[in-house]
Amino acid sequence: MNVKSRDLGELEELCTQIRERIIDVVSRNGGHFSSTLGAVELTVAMHKVFDVQSDPFIFDVSHQCYPHKLLTNRWEEFETIRQFGGLSGFTKPKESSADYFVAGHSSTSISLAVGAAKAIRINDEQRVPVVMIGDGSMTAGMVYEALNELGDIKLPVIIILNDNEMSIAKPIGSISKYLSKILAGKFYQKLRDRIDKSIIQKLPEGANYIAKKIEESIKLITPGVIFEEMGIDYIGPIDGHNLEEIIDTLQIAKDLKKPVIVHAKTVKGKGYAIAEGQNEKWHGVGPFDVKTGEFKKKAGAKSATAVYADALSALANEHDDVVGVTAAMPSGTGIDRLMKEHPNRFWDIAIAEQHAVTSMAAMAKEGFKPYITIYSTFLQRAFDQIIHDVCIMGLPVVFAIDRAGIVGNDGETHQGAFDISYLRFLPNMILFAPRDNQSLHQAIDFSYTLDKPCAIRYPRGAFKELGYESTPFELGKSQLLKEGSSNKLFIGYGAGVSRACETEKLHEEDIAILDLRFVKPLDGKMLSALASKYDKWYVFSDSQKQGGVASAILEYVNEAKLCVNITSFEYEDHFIVHGETSKVEESLELTAKQLVEKI
Ligand SMILES: Cc1ncc(C[n+]2csc(CCOP(=O)(O)OP(=O)(O)O)c2C)c(N)n1
Ligand SMILES: CC(=O)[C@@H](O)[C@H](O)COP(=O)(O)O
Ligand SMILES: [Mg+2]
């Protein structure tokens, strides 16, 4: 779509059409809704001022990239967004050359821009990286690592700070307070009004920049100080829904040929009144009725997240030393409930997984029992902190790993595939998993008794109830759910147990089923005993095959010199695409019916 040749009126009309398209499609497919609606004018202005064919367009997290997709030859295909086989909900270079990088995890954008800017300088090109980053994403450490270098090397990079005063939930911490509180000051507002009216209107060229220079004399009360002190020019705040103002400002910023932050104030959900403002439930949505705003999906079985929150709440009520954090996912992890019940012991610490782990390590050292509740995919970011600050110290921290396994429509950046592989080889770490709601409660109770680090994983959505009574957890002990008359043994781990049970039901033979429970330490005694009865073992777990559950069993079988044949039904060595979970699992040949055929 040619944005560059359109005039302001046409571009404003285009913004309306983009919003209509997003509202229509997301109301049917679901998706990241309010972030993307709030970024329409900013995105159109980016496309007007910069050249998407050559300038790296870098979207942080990229959940706000829908307008960009619509502007880059994906208007019709947008119909398929987040569906299996359709467009990704995030930027993806394999999908379009207009998408500079894969994104999904936050706060990587400025580092990407710094790298791109260095390459551009070495190659002596005129291209300019342009970043869009939200206020929530400005809370992660990576951003400041990147700004630190950028302010020093001063290469041209334009950073659009899309400030809607929201992360997924309420933004946490001093940075967000800093960005918004100072602006609210009456003196500042008055001064800005005066600058806007009396100066900007009279000075046609570079007006905003000149206004900004005047603002330097009142630097101490503008939110630009922090960036300016880091060596990065700051322009703003501007109205992130006023297309003319954004285009003018971006043009000025671009002409400066320096690193510049353009601070734009936007409204999350802009253009769909029901979602507008600080309204967390419209961040990521399922299908909804456009007229009423009512969500179409009726509440189903209780999610594992909700069961975890029940269990942790009971534990925290009983024990005063139980504390915990979420890293900017309070409702997604169920920690919002704990934050209400125990505001002095549970915190949202913003998008800061590394800080979450290290700060909780210190709390463990101080005698508390921390529960760090983070999605499998986001915990990847704190890998070194898990090793360096928790495992080497052998501290009794509990990692509650939500969204383990396939997460569905978010796709490859968000799949919870790797946690077993990246935690299993760490000395001191204990790994176990519940298979259903009852065992999740028991797992949480058991975790409290451990004096070492441990990690518990559970899936997105609800467990399937299996009809087997769960026995309390004991360190390194599995639970044999049934014996079988064939030579086969199904070994399940976590939600993999229900897949094993479903497969067994469909299979014509009577097959033994073991709930492994602990992938570390393994129940060697049980495995050795079962090897004498069953010699064909099948492993079911929603995890990466490399370094995963079957891999752990193989290591034991080899050491114990057991004579069994092992087949793993874990994920193969590739990244897993997006789409409805059942369709993705079918594509991986992991449905019970497909597994019976394979066996
Ligand atoms: C490392 C990491 N942690 C957590 C998340 C989950 N997450 C996705 S978007 C988001 C909020 C981002 O807020 P902001 O940047 O202000 O964007 P907005 O949605 O407000 O436009 C969070 C916490 C993530 N994507 N990456
Ligand atoms: C963009 C992002 O990282 C989050 O919004 C994520 O999509 C949330 O996932 P859940 O819907 O599983 O909470
Ligand atoms: Mg925000």
Side-chain angles (χ1 to χ4, degrees), residues 30-40 42-43 59-67 82 88-91 103-110 131-143 160-173 175-176 179-180 240 263-270 275 277-286 297 303-305 326-336 348-356 373-383 402-411 413-416 459-461 578 581:
H32 287 101
F33 187 59
S34 55
S35 315
T36 217
L37 280 184
V40 173
L42 292 178
T43 312
F59 293 90
D60 203 277
V61 185
S62 84
H63 62 312
Q64 79 294 60
C65 72
Y66 299 6
R82 285 167 61 90
S88 164
F90 300 105
T91 50
H105 289 199
S106 90
S107 318
T108 60
S109 57
I110 305 178
V131 163
M132 187 187 297
I133 181 166
D135 53 319
S137 299
M138 292 293 288
T139 56
M142 247 188 115
V143 161
I160 303 170
L161 169 51
N162 171 16
D163 179 5
N164 53 25
E165 294 182 34
M166 276 294 272
S167 188
I168 289 181
K170 215 163 52 67
I172 299 295
I175 290 288
S176 84
L179 287 175
S180 51
H263 183 184
K265 301 294 289 180
T266 58
V267 175
K268 222 165 161 165
K270 178 79 177 175
Q278 296 173 327
N279 200 338
E280 182 179 346
K281 77 173 188 189
W282 288 95
H283 173 87
V285 296
K297 197 172 162 210
S303 67
T305 302
T326 169
M329 307 299 288
S331 56
T333 56
I335 292 299
D336 53 350
D348 177 355
I349 50 80
I351 308 179
E353 288 80 6
Q354 299 163 311
H355 164 65
T373 312
I374 296 185
Y375 291 7
S376 169
T377 186
F378 300 141
L379 189 60
Q380 288 162 197
R381 188 161 277 193
F383 183 54
D402 200 327
R403 307 305 198 263
I406 289 165
V407 296
N409 309 80
D410 276 344
T413 51
H414 283 62
Q415 307 292 10
R460 189 175 200 269
H578 65 273
T581 299

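Every number for a ligand or one of its atoms is a count from 1 in the order of the listing. Atoms considered below: every heavy atom in the structure, side chains included; atoms not considered: hydrogens, waters and symmetry mates.
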Worksheet item: Which of parallel (below 30°), tilted (30 to 60°) and perpendicular (above 60°) describes Trp282 and Phe33?
Response: tilted
Worksheet item: Can you tell which of Arg381, His63, Glu165 gets a heavy atom nearest to atom 17 (O) of ligand 1?
Response: His63
Worksheet, complete the sentence: Restricting to heavy atoms, the pick from Gly104, Ala382, Ala140 nearest atom 25 (N) of ligand 1 would be Gly104
Practice prompt. Do me a favour and list the nearest non-hydrogen protein atom to atom 21 (O) of ligand 1 with residue, atom name and distance?
Written response: Asn164 ND2, 3.2 Å
Worksheet item: Have Arg403 and Thr333 got a donor and an acceptor in their side chains that come within less than 3.5 Å?
Response: no
Practice prompt. Just the protein N/O/S atoms under 2.8 Å from the Mg ion (ligand 3), please, no waters.
Written response: Asp135 OD1, Asn164 OD1, Met166 O
Item to complete: Please work out whether the ring planes of His414 and His105 are parallel, tilted or perpendicular, with thresholds of 30° and 60°.
Response: perpendicular
Item to complete: Using side-chain contact (heavy atoms from CB on, under 4.5 Å) as the criterion, point out the one residue from Ile133, Leu161, Ile160 that pairs with Asp60.
Response: Ile133
Worksheet item: Are any of the side-chain nitrogens in Lys170 or Glu280 under 4.0 Å away from the carboxylate oxygens of its partner?
Response: no
Fill in: Under the side chain to side chain contact (heavy atoms under 4.5 Å, CB included) test, residues paired with Thr108 that sit two or more places apart
Leu112, Met142, Arg381
Fill in: Proximal candidate to atom 6 (C) of ligand 1 [heavy atom criterion; set Met329, Glu280, Glu353]
Met329
Give every pair formed by an N or O atom of ligand 2 and a protein N or O atom closer than 3.5 Å, one pair per line with both atom names and the distance to 0.1 Å, or write none.
| unit_1 | atom_1 | unit_2 | atom_2 | d |
| --- | --- | --- | --- | --- |
| ligand 2 | 3 (O) | His414 | NE2 | 2.7 |
| ligand 2 | 5 (O) | His32 | NE2 | 2.8 |
| ligand 2 | 5 (O) | His283 | NE2 | 3.0 |
| ligand 2 | 7 (O) | His32 | NE2 | 3.0 |
| ligand 2 | 7 (O) | Asp410 | OD1 | 3.4 |
| ligand 2 | 7 (O) | Asp410 | OD2 | 2.5 |
| ligand 2 | 11 (O) | Arg460 | NH2 | 2.8 |
| ligand 2 | 12 (O) | Arg403 | NE | 2.8 |
| ligand 2 | 12 (O) | Arg403 | NH2 | 3.2 |
| ligand 2 | 12 (O) | Arg460 | NE | 2.8 |
| ligand 2 | 12 (O) | Arg460 | NH2 | 3.3 |
| ligand 2 | 13 (O) | Tyr375 | OH | 2.6 |
| ligand 2 | 13 (O) | Arg403 | NH2 | 2.9 |

Discussion item. Quick one: does any side-chain atom of Lys281 pair with a main-chain N or O of Ala275 as donor and acceptor, under 3.5 Å?
Written reply: no
Fill in: Partner set under salt bridge (Lys or Arg N to Asp or Glu O under 4.0 Å) for Asp410, not counting sequence neighbours
Arg82
